[in-house]
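Heavy atoms only: backbone and side chains are in, while hydrogens, waters and symmetry mates are out. On a predicted model such as this, the values are computed, not experimentally measured, just so you know. Chain A is the first sequence line, chain B the second, and so forth, proteins listed ahead of strands; every chain is numbered from 1.
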Amino acid sequence: MQPIVNEPQSEQELLDRAVNLAGLNLAQLADMAGVSVPCNLQKEKGWAGQLLECLLGAYAGSKPVPDFEHLNIELKTLPISRQGSPLETTYVCVAPLTNVAGLTWQDSVVKKKLSRVLWIPILAERTIPVAERIIGYPLLWSPSAQEEQALQADWEELMEMIALGQIEQITAKHGEVMQIRPKAANASIRTAAVGHHGQPIEALPRGFYLKKNFTQTILRNSTV
DNA sequence: ACATGATCATGC
DNA sequence: GCATGATCATGT
């Protein structure tokens with residue numbers, strides 16, 4: 001999927017574009033982009049997110065930079081129920097498993113990634129055919145002081161465990177608003193990590209994910 | 001019913 | 001292998 005518009009030149013232009021997509025369904029968006037709608041997302045889990053990128057003029061591709069680099073804005077689609085509740089957690093970034101000594105929240109990739117996010121809710125209950133899922137009203141967000149505190153607390157807890165060589169003890173239950181879970185093509189993938197005694201080990205790659213309670217709060221706080 | 005752990009596609 | 005985009009599907 002290639003971008004079909006130029007890069008937005010301002011936050012407002014980006015937001016305007018997103019607002020203009022609200023209320024449309026994925027079939028209409030696919031039509032605008034000249035692509036076909038998959039029957040399900042089993043083999044194209046990122047399809048809707050990539051479709052929105054293309055329609056809004058994101059050019060970053062798979063580069064480790066914000067979707068809208070010059071605006072420092074990250075784009076996230078968020079599947080929601082008819083009640084407006086998030087249906088999935090939200091991937092943030094890979095969790096560093098080596099050389100973590102001295103890393104601070106202020107310099108973390110998580111903080112940077114979440115500093116400014118354009119959330120685009122999609123009514124995406126699994127019973128709704130992909131083509132009929134509807135784009136919701138967009139939300140341009142930066143964490144409040146309270147939200148950042150919560151994120152920082154979880155980040156510090158989780159990173160401390162990693163720094164102590166406890167990566168294999170971390171489960172998705174750790175963290176109040178953010179968790180660490182596997183992020184890999186399959187469970188046999190391995191990457192460099194650090195063990196209990198500081199020795200090098202191989203571990204399943206992990207990622208930071210925002211829990212539903214957190215993204216729910218973001219949506220609620222924007223409710224009119 | 002739901003979250004956790006597992007997985008899928010793609011580019012370089 | 002690691003980054004991007006996430007949702008699937010099983011266990012509890």
Side-chain angles (χ1 to χ4, degrees), chain A residues 1-3 18 26 29-30 33 35-69 72-83 85-99 108-110 112-114 117-131 133 135-136 154 158 167-193 200-216:
Chain A
M1 267 185 260
Q2 297 300 315
L26 290 179
L29 265 52
V35 300
S36 54
V37 182
C39 296
N40 59 62
L41 300 182
Q42 289 176 16
K43 295 212 170 295
E44 293 177 75
K45 296 179 180 180
W47 181 80
Q50 290 166 348
L51 177 60
L52 266 299
E53 285 185 349
C54 140
L55 289 167
L56 294 173
Y59 286 80
S62 63
K63 290 184 292 183
V65 297
D67 296 295
F68 301 97
E69 189 173 6
N72 258 293
I73 295 176
E74 186 73 18
L75 173 65
K76 292 285 184 198
T77 58
L78 183 62
I80 59 168
S81 69
R82 295 183 190 280
Q83 286 72 239
S85 302
L87 293 170
E88 295 287 350
T89 57
T90 301
Y91 172 68
V92 180
C93 62
V94 166
L97 302 183
T98 58
N99 301 316
S108 69
V109 176
V110 173
K112 190 174 185 59
K113 282 255 181 185
L114 297 180
V117 178
L118 178 64
W119 296 97
I120 301 192
I122 304 180
L123 177 54
E125 289 180 359
R126 293 195 196 185
T127 55
I128 304 176
V130 175
R133 297 180 183 180
I135 306 303
D154 285 348
L158 293 163
I167 181 60
E168 300 298 1
Q169 279 66 56
I170 296 178
T171 75
K173 294 184 180 63
H174 290 94
E176 296 295 321
V177 300
M178 187 168 65
Q179 63 191 171
I180 281 181
R181 303 216 309 280
K183 171 64 172 173
N186 60 65
S188 65
I189 301 290
R190 287 295 180 270
T191 191
I201 63 170
E202 296 287 302
L204 183 60
R206 318 296 169 103
F208 285 106
Y209 295 80
L210 299 178
K211 292 188 172 187
K212 293 180 190 179
N213 60 352
F214 188 76
T215 47
Q216 171 78 84

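Nearer the 5' end of DNA chain C, as judged by each residue's closest nucleotide, is the contact made by W47(A), out of W47(A) and R133(A).
In terms of the side-chain contact (heavy atoms from CB on, under 4.5 Å) criterion, residue partners of L87(A) (sequence neighbours excluded) are, by chain and number, P79(A), S81(A), E125(A). Evaluation of the side-chain hydrogen bond (donor to acceptor under 3.5 Å, both in side chains) rule for S188(A) yields N186(A) as partners, not counting sequence neighbours. A search for side-chain hydrogen bond (donor to acceptor under 3.5 Å, both in side chains) contacts involving E202(A) returns nothing, not counting sequence neighbours. In terms of the side-chain contact (heavy atoms from CB on, under 4.5 Å) criterion, residue partners of E176(A) (sequence neighbours excluded) are, by chain and number, D154(A). In this view, S85(A) and Q216(A) satisfy the side-chain hydrogen bond (donor to acceptor under 3.5 Å, both in side chains) rule, not counting sequence neighbours. Looking at residues two or more places apart in sequence or on another chain, you find a side-chain contact (heavy atoms from CB on, under 4.5 Å) between T191(A) and L97(A), P205(A).
The shortest distance between side-chain heavy atoms of D67(A) and E74(A) falls below 4.5 Å.
The stretch residues 74-81 of chain A touches DNA chain C through E74(A), K76(A), T77(A), P79(A), each having a heavy atom within less than 4.0 Å of the strand.
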Using a 3.5 Å cut-off and no angle test, enumerate the donor-acceptor pairs between side-chain atoms of residues 38-56 of chain A and protein atoms at least two apart in sequence or in another chain.
| from | atom 1 | to | atom 2 | distance (Å) |
| --- | --- | --- | --- | --- |
| N40(A) | OD1 | Q42(A) | N | 3.0 |

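Among pairs with a residue in residues 206-215 of chain A, those fulfilling side-chain hydrogen bond (donor to acceptor under 3.5 Å, both in side chains) read E168(A)-R206(A), at least two apart in sequence or across chains. Counting only residues at least two apart or in different chains, side-chain hydrogen bond (donor to acceptor under 3.5 Å, both in side chains) contacts with residues 86-97 of chain A comprise E88(A)-R126(A), T89(A)-R181(A).
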Note to self: Protein within reach of the bases, or only the backbone? For nucleotides 3-12 of chain B, mark each nucleotide 5' to 3' as B, S or -, using heavy atoms under 4.0 Å.
What the structure shows: SBBBBBS---

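One end of the helix from dA1(B)-dT12(C) to dC12(B)-dG1(C) points its axis 30° away from the other end's axis, with each axis taken from 5 pairs and the angle rounded to 10°.
The interatomic distance linking F208(A) (CZ) with dT4(C) (C1') rounds to 18 Å, in whole Å.
Heavy atoms of N40(A) sit nowhere under 4.0 angstrom from any nucleic acid atom.
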